[in-house]
Amino acid sequence: MTLTIPGFEHIRLPGADGVELATAVGGSGSPVVLLHGFPQTHLMWRHVAERLADEHTVICPDLRGYGASDKPAATDPDAYAKRTMAADVVTLAAALGHERFALVGHDRGALVAFRAGLDHSETITHLGILDIVPTLDMWNVLHGASAAVGYHLFLMAQPPGLPEAMIANSADAFFGSFLDAWANDPTAMAEEVRAEYLRASAAAVASIVADYRASAGIDVMHDQADLDAGSQLAMPVTVVQQDWGAQLGYDAAGVWKAWAPDLDHRLTRAGHFMAEEAPDEIAAAIQDLLAR
């Protein structure tokens with residue numbers, strides 16, 4: 001049985017190209033869509049969503065290829081392009097009657113949110129980003145021995161076949177290694193929640209790899225085209241991240257300022273899974289964003 005956010009309705013909604021997304025919806029008020037990261041599902045937002053639901057309609061889908069959402073075969077590069085996944089989110093929100101909404105993403109979901117902010121500036125009113133830099137910048141800051149922290153990015157960028165086989169043959173060890181290594185507070189993720197992430201990820205190896213493979217190909221092309229065109233995020237943007245700039249030797253706030261003129265850049269002491277480790281901090285950052 002799929003775990004979902006307590007008190008939220010769990011439904012299936014249309015995305016782009018006939019894909020359906022499993023989605024938890026709760027609360028009332030102005031809409032906020034929350035997109036999860038790797039190797040997780042919408043369940044990662046449970047604490048933050050409950051805090052926001054008093055004042056907002058909170059919409060938490062599983063991304064295409066993850067959780068209980070559809071997992072189309074990656075028959076072409078567009079299948080898991082962040083442009084396509086962003087179209088999923090806009091289509092899903094429209095099905096609920098929301099032509100404009102705030103959008104917050106973590107990790108992979110943040111890459112989708114970033115692309116949605118560029119492609120759908122008339123739809124996304126506020127943009128929240130947790131613990132990433134844009135895809136193009138991500139590849140540019142990974143260099144030398146420090147790039148080992150992102151080894152999975154390079155593994156899943158390889159041509160179809162080998163990465164899927166390697167991961168499927170040791171799925172719990174592979175996905176579990178990130179849940180363990182990236183958390184500053186391992187007690188923030190209950191055992192049944194961790195087990196749900198492992199179960200869902202093991203059932204989605206091919207689509208998860210396809211999502212990452214897109215970020216070594218078509219997503220880079222889309223980001224580069226926007227960079228060349230001088231495109232920027234038109235809405236208020238809040239970025240909350242660990243101090244990756246210090247760890248990897250780059251100016252994280254400067255990277256984001258180039259894309260987001262109206263930027264609130266914050267560093268956190270929480271680990272990568274900050275929505276679970278520090279839900280009060282993250283909910284407050286989102287509320288501050290929505291007040292801008």
inquiry  = Could you see if Leu63 belongs to whatever hydrophobic cluster contains Tyr197? Use Ile, Leu, Val, Met, Phe, Trp, Tyr and a side-chain cutoff under 4.5 Å.
reply    = yes
request  = Determine, for Asp280 against Arg51, whether the closest basic-nitrogen to carboxylate-oxygen distance falls under 4.0 angstrom.
outcome  = yes
key: Residues Asp185 and Arg269 bridged, charged N to O under 4.0 Å   = no
ask   = Is any side-chain heavy atom of Leu233 less than 4.5 Å from a side-chain heavy atom of Ser121?
value = no
message = One thing to verify: whether Asp211 and Lys82 come together as a salt bridge, which I'm taking to mean a side-chain N less than 4.0 angstrom from a carboxylate O.
response = yes
inquiry  = Determine whether a donor-acceptor pair (N or O, by modelled atom type, separation under 3.5 Å) exists between the side chain of Thr23 and the backbone of Leu21.
reply    = yes
key: Asp226 and Arg115 ion-paired at < 4.0 Å   = yes
query = Between Val25 and Thr57, is any pair of side-chain heavy atoms under 4.5 Å apart?
reply = yes
note = In this structure, OG of Ser231 is separated from CG of Asp223 (nearest 0.5 Å) by 10.0 Å
query = Would you call the rings of His152 and Tyr212 parallel, tilted or perpendicular if under 30° counts as parallel and over 60° as perpendicular?
reply = perpendicular
Co-membership, hydrophobic cluster, residues Trp45 and Ile11, 4.5 Å side-chain = yes
message = With heavy-atom distances below 4.5 Å as the criterion, would you say the side chains of Ser201 and Tyr66 are in contact?
response = no
message = Within this structure, what is the OG1-CZ distance for the pair Thr125 and Arg292, rounded to the nearest 0.5 Å?
response = 11.5 Å
request  = Scan Leu263, Val240, Val239 and name whichever one has a side chain to side chain contact (heavy atoms under 4.5 Å, CB included) with Ile129.
outcome  = Val239
ask   = Tell me, do Arg213 and Pro160 make a side-chain contact under 4.5 Å, heavy atoms counted?
value = yes
task = Assess Arg46 against Phe8: is NZ or CZ under 6.0 Å from the centre of the six-membered ring, and within 45 degrees of the ring's axis?
result = no
request  = Answer with yes or no whether the side chains of His265 and Gln241 bring together a donor and an acceptor at under 3.5 Å.
outcome  = yes
key: Connected via hydrophobic side-chain network under 4.5 Å: Val220 and Val255   = yes
request  = State, with a plain yes or no, whether a side-chain heavy atom of Phe273 is found less than 4.5 Å away from one of Asp131.
outcome  = no
message = Between Gln40 and Glu276, do the side chains contain a donor N or O and an acceptor N or O under 3.5 Å apart?
response = yes
request  = Verify side chain to side chain contact (heavy atoms under 4.5 Å, CB included) between Leu130 and Ile282, making sure each step is shown before the conclusion.
outcome  = CA-CA 9 Å; Leu130 303 186; Ile282 299 307; 4.0 Å; yes
ask   = Do Leu290 and His56 come within less than 4.5 Å of each other through their side chains, counting heavy atoms only?
value = yes
ask   = Can Trp256 and Ile132 be said to form a side chain to side chain contact (heavy atoms under 4.5 Å, CB included), step by step?
value = CA-CA 10 Å; Trp256 274 110; Ile132 64 150; 4.1 Å; yes
inquiry  = Between Arg12 and Asp70, is the side chain to side chain contact (heavy atoms under 4.5 Å, CB included) condition met? List the steps.
reply    = CA-CA 10 Å; Arg12 296 185 69 80; Asp70 287 352; 2.7 Å; yes
query = CZ/Phe154 to CG/Leu142 distance, rounded to the nearest 0.5 angstrom?
reply = 5.0 Å
request  = Begin from the C-alpha positions of Arg194 and Asp180 and carry the test salt bridge (Lys or Arg N to Asp or Glu O under 4.0 Å) through to its verdict.
outcome  = CA-CA 10 Å; Arg194 186 179 191 277; Asp180 296 336; 3.0 Å; yes
request  = Start with the C-alpha distance between His106 and Trp182, add both sets of side-chain angles, then the distance that settles ring-ring contact (aromatic ring centres under 6.0 Å, His included), and finish with yes or no.
outcome  = CA-CA 13 Å; His106 172 255; Trp182 291 351; 8.7 Å; no
query = Of the non-hydrogen atoms in Gly117 and Met235, which two are nearest, and what is the gap between them?
reply = O-CE, 3.5 Å
ask   = Regarding Arg64 and Thr84, is there a side-chain donor-to-acceptor distance under 3.5 Å anywhere?
value = no
Residue pair Leu103 / Leu35, side-chain heavy-atom distance below 4.5 Å = yes
ask   = If every non-hydrogen atom of Pro61 is compared with every non-hydrogen atom of Leu92, which pair is closest and at what distance?
value = CB-CD1, 3.8 Å
request  = State, with a plain yes or no, whether a side-chain heavy atom of Glu122 is found less than 4.5 Å away from one of His120.
outcome  = yes
query = How many angstroms lie between atom OG1 of Thr2 and atom CG of Leu43, to the nearest 0.5 angstrom?
reply = 10.0 Å
key: Closest heavy-atom pair and its distance - Asp76, Asp78   = OD1-N, 2.8 Å
inquiry  = Measuring from atom CH2 of Trp244 to atom CE of Met138, what distance do you get when rounded to the nearest 0.5 angstrom?
reply    = 12.5 Å
request  = Look at the side chain of Glu277 and the backbone N and O of Asn184, then say whether any donor-acceptor pair between them is shorter than 3.5 Å.
outcome  = yes
task = Return the minimal non-hydrogen interatomic distance between Ala116 and Ile124, and the atom names on each side.
result = O-CG1, 3.8 Å
task = Could you state whether Phe101 and Val112 fall into the same hydrophobic cluster, counting links through intermediate Ile, Leu, Val, Met, Phe, Trp or Tyr residues with side-chain heavy atoms under 4.5 angstrom apart?
result = yes
ask   = With the threshold set at 4.0 Å, does a side-chain nitrogen-carboxylate oxygen contact exist between Asp251 and Lys257?
value = no
Shortest non-hydrogen separation from Ala81 to Ile218 and the atoms involved = CB-CG2, 3.7 Å
inquiry  = Is it the case that the side chains of Thr41 and Glu196 hold a donor-acceptor pair, with the cut-off being a distance below 3.5 Å and no angle test?
reply    = no
message = Any side-chain to backbone donor/acceptor pair from Glu55 onto Leu52? Under 3.5 Å, distance only.
response = no
query = Hey, any chance Val104 and Val133 share a hydrophobic cluster, counting ILVMFWY side chains that come within less than 4.5 Å of each other, even indirectly?
reply = yes
query = Going through the checks in order, is the side chain to side chain contact (heavy atoms under 4.5 Å, CB included) test met by Phe175 and Ile208?
reply = CA-CA 11 Å; Phe175 294 117; Ile208 290 174; 4.1 Å; yes
inquiry  = Under 3.5 Å, is there a donor on one side chain and an acceptor on the other for Thr4 and His42?
reply    = yes
Minimal non-hydrogen separation, Met156 against Pro163, with atom names = CA-CB, 4.3 Å
Reported OG-to-CG distance for the pair Ser215 and Leu136, which is rounded to 0.5 angstrom = 11.5 Å
